[in-house]
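What follows is a set of notes on a single structure, which appears directly below.
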There are 2 protein chains.
Amino acid sequence: MSEELMTIREMCAEFDVTARTLRFYEAKELISPLREGQKRLFTKRDRARLKLILRGKRFGFSLEEIRQLLNMYDLGDQQQTQMLRTYELAQNRLAAMEAQAAELAEAIQELRDQIEWGKTILADRNISSE
Amino acid sequence: MSEELMTIREMCAEFDVTARTLRFYEAKELISPLREGQKRLFTKRDRARLKLILRGKRFGFSLEEIRQLLNMYDLGDQQQTQMLRTYELAQNRLAAMEAQAAELAEAIQELRDQIEWGKTILADRNISSE
DNA sequence: GTTAAAGCTTACGTCAACGTAAACTTACGT
DNA sequence: ACGTAAGTTTACGTTGACGTAAGCTTTAAC
């Protein structure tokens, strides 16, 4: 592990993904490792992006959606027009995520109630069987 | 709309899904409409379950996962063994959902910061261009 | 010098969750 | 009587996100 650049195997170990997955993400332009001849060398930037990709996936975003989110993280070196567009996109995405979070919270509460109800029934049965 | 039983078209309209989807869910044993000859008639129970199915999908659960969650909602008429198993399943699912909610909250905060940062840059540019 | 490990490309396979088309069968309105 | 609208089954097609296998090169180790 040369601190800065990592081989594909090292990446696989660190992030628990297959080499196929990394090549696939490169083909989809989600990451862009350097080349030493044929071989891929993954930079710090690639690792940061991969982290975000995997998190995005856990949230149920498609790779295409994630690609757009990733662009949003590249704000620094953009033109103003592009920034405004990106900013707008971020707003929408944020609203969607907040909505999802709210709904998720609600469902969690319902599930909690359901479990509590199950508990009650179990308790009743235990009492009545003594 | 006979209040109690609904045709497939009525279901499609009410839940904004296709007939194919409803038949597909029946094949997967997520819903089980009555039959009047060949034709399906959807009950209140089917509608309640479909609601949960669609919500589950929004959370990114697979249909198989949703099927298990649905069984959880059928606690009432189960044996104790089955209930314990189901209860356990509910606990796991709840933990997973809470973890997801936490992670989501974190991501939302990061996104918010990112947007704030973008705003700052925009503001700076506006000032420096005057 | 050659074998093994790690890498590469190309390309077909797979699985979930439906879409879509074909070829019927009632049920209803005129 | 007849079209047409709503329903059905059967079955092949599609998209996203990779898995998997074949065949070739490069580097490290013995």
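Nothing here was measured: the structure is a model prediction, and the numbers come from that model. Throughout, protein chains are lettered first and strands after them, A, B, ... in sequence-line order, and every chain is numbered starting at 1.
- The interatomic distance linking Glu65(B) (CD) with dA16(C) (C1') rounds to 12 Å, in whole Å.
- Nearest heavy atom pair, residue Ala19(B) against residue Cys12(B), reads N-SG, 3.4 Å.
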Restricting to nitrogen or oxygen on both sides, can you table the protein-nucleotides 19-23 of chain C pairs closer than 3.5 Å?
residue	atom	partner	partner atom	Å
dG19(C)	OP2	Thr18(B)	OG1	2.7
dG19(C)	OP2	Thr21(B)	OG1	3.4
dG19(C)	N7	Arg20(B)	NE	3.2
dG19(C)	O6	Arg20(B)	NH2	3.1
dT20(C)	O4	Arg20(B)	NE	3.1

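- Nucleotides of DNA chain D nearest to Lys39(B) and Lys28(A) differ in position, and the one nearer the 5' end is that of Lys39(B).
- To the nearest 0.5 Å, atom CD1 of residue Ile31(B) and atom CE of residue Met11(B) are 6.0 Å apart.
- Taking only side-chain nitrogens and oxygens, Arg35(B) comes nearer than 4.0 Å to OP1 or OP2 of dT9(D).
- The minimum heavy-atom distance linking Ile66(B) with Gly56(B) is given by the pair CD1-C, 3.8 Å.
- Side-chain N/O atoms of Tyr25(A) include none lying less than 4.0 angstrom from OP1 or OP2 on dA17(D).
- The distance between atom CG of Leu50(B) and atom P of dC18(C), rounded to the nearest whole Å, is 11 Å.
- Residues Lys57(B) and Gln38(B) both approach DNA chain C. Their nearest nucleotides, taken by heavy-atom distance, put Lys57(B) toward the 5′ side.
- With salt bridges taken as basic N to acidic carboxylate O contacts below 4.0 Å, one links Arg67(A) and Glu64(A).
- Taking 4.5 Å as the limit, every side-chain heavy atom of Thr21(B) sits out of range of all side-chain heavy atoms of Phe15(B).
- For dT30(C), the paired nucleotide is dA1(D), the pair qualifying as Watson-Crick or G-U wobble because both relevant distances are below 3.5 Å.
- For the OP1/OP2 pair of dG19(D) and a distance below 4.0 Å, the side-chain nitrogens and oxygens of Arg23(A) include no atom meeting the criterion.
- Of all heavy-atom pairs between Leu63(B) and Tyr25(B), the closest is CD1-CE2, 3.6 Å.
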